[in-house]
Participant: 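Below you will find the structure I want to go over with you.
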2 protein chains.
Amino acid sequence: MRIIPILASASYQGFGVMTTVDQRVEERLSGRSVRYTRARRLVIGALGRAEGPRSAAELHDDLGRQVPVSSLYRSLGVLEEAGVVAPHHGARGVTRYELAEWLAGHHHHLVCVQCGAIEDVIVPKGKEVGIRELVDTLARDSGFMPLDHVLEIEGRCSRCA
Amino acid sequence: MRIIPILASASYQGFGVMTTVDQRVEERLSGRSVRYTRARRLVIGALGRAEGPRSAAELHDDLGRQVPVSSLYRSLGVLEEAGVVAPHHGARGVTRYELAEWLAGHHHHLVCVQCGAIEDVIVPKGKEVGIRELVDTLARDSGFMPLDHVLEIEGRCSRCA
DNA sequence: TTCCTTGCAAACGATTTGCATTGGA
DNA sequence: TCCAATGCAAATCGTTTGCAAGGAA
């Protein structure tokens, strides 16, 4: 989520000055009696540094293979349950995770159909409001209760073009 | 894709009167020297009848288990390669397929986070133009070559609400 | 102590593939 | 005819889980 420096930075959304992602996660987890263990901290750190959603295997590499893949799956599961990370389902049945929106800010995805890489993008506020209204209308008209939305832009990234 | 009767119907986009999905697929495949076999016809028929993307397992049921799952995977692979169907990656590593946009018309998805069901929706033309412009801008600004886009609206469907 | 987390390996489920057989242009 | 498509079973690959050991409260 590094692309969104402003939203992801220290003081965001009512958290006082100098509240880091790590601190906000810690607070949320303790409020739910969920331990913020070493492995979980490493995962949050890696996701905070990533440019987009990461899979368990990718995180395993990102973290220098010091955390076994099965533990990553378990950590990701707990963090997802706690609403700290959110899953994204991509090609070849791979699930990638990213920090939840209250941590990373609302954004959309550029998905490379060639190499599978996913990059985050943010939409200018004005446009985003338009999208949200559209989403609400479409959902309501179908008796659907909208919770979130993502605009997935598929194409070829600069490297694969 | 049944939700989009007008776009999916007989005469669409420059194909003469009474051109069915089946005929258009036949034409496209023969133009590429790809056989339109019994299994492939059944798959196209089932997708044409579906309300949204279907997985290999779901198609297996839809077709009364007369086509083995492995054959469905192979048919879907060929049809995807030929640009006749398009994949959608969902929860639990399940890939669902739908007719490509030139057959089904451009649309978006309502994804139920509870049961995983996906429903197609179309956006009024005016709004859709706005989305397309936004997509082009966002992609270009990131050195990305946009090919397609889907607005995924996640929420709870009427049955799960 | 007591409950939660971790690591390893076995289990699972979706998808892919090898191979012998069948089918379509 | 003759290569491509199919069916079945075995193999893959991402992900989940059982179980014993390690940690924190």
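Residue numbers begin at 1 in each chain, while the letters A, B, ... track the order of the sequences.
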Participant: Determine whether B/Leu72 and B/Leu63 make a side-chain contact, defined as any pair of heavy atoms from C-beta on separated by less than 4.5 Å.
Facilitator: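 Contact flag for B/Leu72/B/Leu63 side chains = yes.
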Participant: Across the strands shown, which category fits B/Arg74 at heavy-atom distances under 4.0 angstrom: base, sugar-phosphate, nothing?
Facilitator: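 Base: the residue B/Arg74, judged by heavy atoms under 4.0 Å, touches a nucleobase.
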Participant: Let me spell it out: for each of B/Gln66 and A/Tyr73, pick the nucleotide of DNA chain D with the closest heavy atom. Which residue's pick is nearer the 5' end?
Facilitator: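 First, find each residue's nearest nucleotide; the 5'-ward one identifies B/Gln66.
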Participant: Return the 5'-most residue of the pair A/Val78, B/Ala56 with respect to DNA chain C, ranking by each residue's nearest nucleotide.
Facilitator: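 Upstream on the strand: A/Val78.
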Participant: Classify the nucleic acid contact of A/Thr95 as base, sugar-phosphate or nothing, counting any heavy atom under 4.0 Å across all strands shown.
Facilitator: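 Here A/Thr95 touches the backbone only, sparing every base.
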Participant: What's the separation between atom CD in A/Glu128 and atom NE2 in A/His107, rounded to the nearest 0.5 Å?
Facilitator: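 If I round to the nearest 0.5 Å, the distance is 11.0 Å.
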Participant: Between A/His106 and A/His149, do the side chains contain an N or O donor and an N or O acceptor separated by less than 3.5 Å?
Facilitator: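 Yes - a donor-acceptor pair under 3.5 Å links their side chains.
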Participant: Any salt bridge between A/Arg54 and A/Glu98, counting N to O under 4.0 Å?
Facilitator: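 No, this pair does not count.
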Participant: Quick check: on DNA chain C, is the nucleotide nearest A/Arg40 upstream (toward 5') of the one nearest B/Gly93, or the reverse? Name the residue that is more 5'.
Facilitator: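 Result of the comparison: A/Arg40.
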Participant: What range of DNA chain D does chain A touch, first nucleotide to last, counting atoms under 4.0 Å from its heavy atoms?
Facilitator: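 Nucleotide range with atoms under 4.0 Å of chain A: D/dG14 to D/dG23.
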Participant: Starting from P on C/dT6, measure out to CG on A/Leu42 and report it in whole angstrom.
Facilitator: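 A/Leu42 atom CG is separated from C/dT6 atom P by 10 Å.
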Participant: Would you give the length of the straight line joining atom CG of A/Leu138 to atom CG of B/Leu151, rounded to the nearest 0.5 angstrom?
Facilitator: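 Answer rounded to 0.5 Å: 7.0 Å.
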Participant: Between the protein and nucleotides 20-25 of chain C, which nitrogen or oxygen pairs are less than 3.5 angstrom apart?
Facilitator:
unit_1: C/dG23; atom_1: N2; unit_2: B/Arg35; atom_2: NH1; d: 3.2

Participant: Is A/Arg32 salt-bridged to A/Glu81, going by a charged N under 4.0 Å from an acidic O?
Facilitator: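 Answer for the salt bridge query: no.
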Participant: Quick one: OG on B/Ser71 to CG on B/Leu59, what's the gap to the nearest 0.5 Å?
Facilitator: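 Between atom OG of B/Ser71 and atom CG of B/Leu59 there are 12.5 Å.
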Participant: Round to the nearest Å and state the distance from B/Tyr97 atom OH to C/dA14 atom P.
Facilitator: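 Going from OH in B/Tyr97 over to P in C/dA14 covers 14 Å.
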Participant: Has A/Ser71 got a side-chain N or O lying under 4.0 Å from the OP1 or OP2 atom of C/dG7?
Facilitator: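 Yes, because at least one side-chain N or O of A/Ser71 sits under 4.0 Å from OP1 or OP2 of C/dG7.
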Participant: Which part of the nucleic acid, if any, lies within contact of A/Ala39, taking any heavy atom under 4.0 Å across all strands shown: a base, the sugar-phosphate backbone alone, or nothing?
Facilitator: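 Contact class for A/Ala39: sugar-phosphate only.
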Participant: Would you call A/Asp136 and A/Arg132 a salt bridge, using N to O less than 4.0 angstrom?
Facilitator: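 No, this pair does not count.
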Participant: When A/His109 is tested against each of A/Glu152, A/Glu119, A/Glu154 for side chain to side chain contact (heavy atoms under 4.5 Å, CB included), which residue passes?
Facilitator: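 Only one of A/Glu152, A/Glu119, A/Glu154 forms a side chain to side chain contact (heavy atoms under 4.5 Å, CB included) with A/His109, namely A/Glu152.
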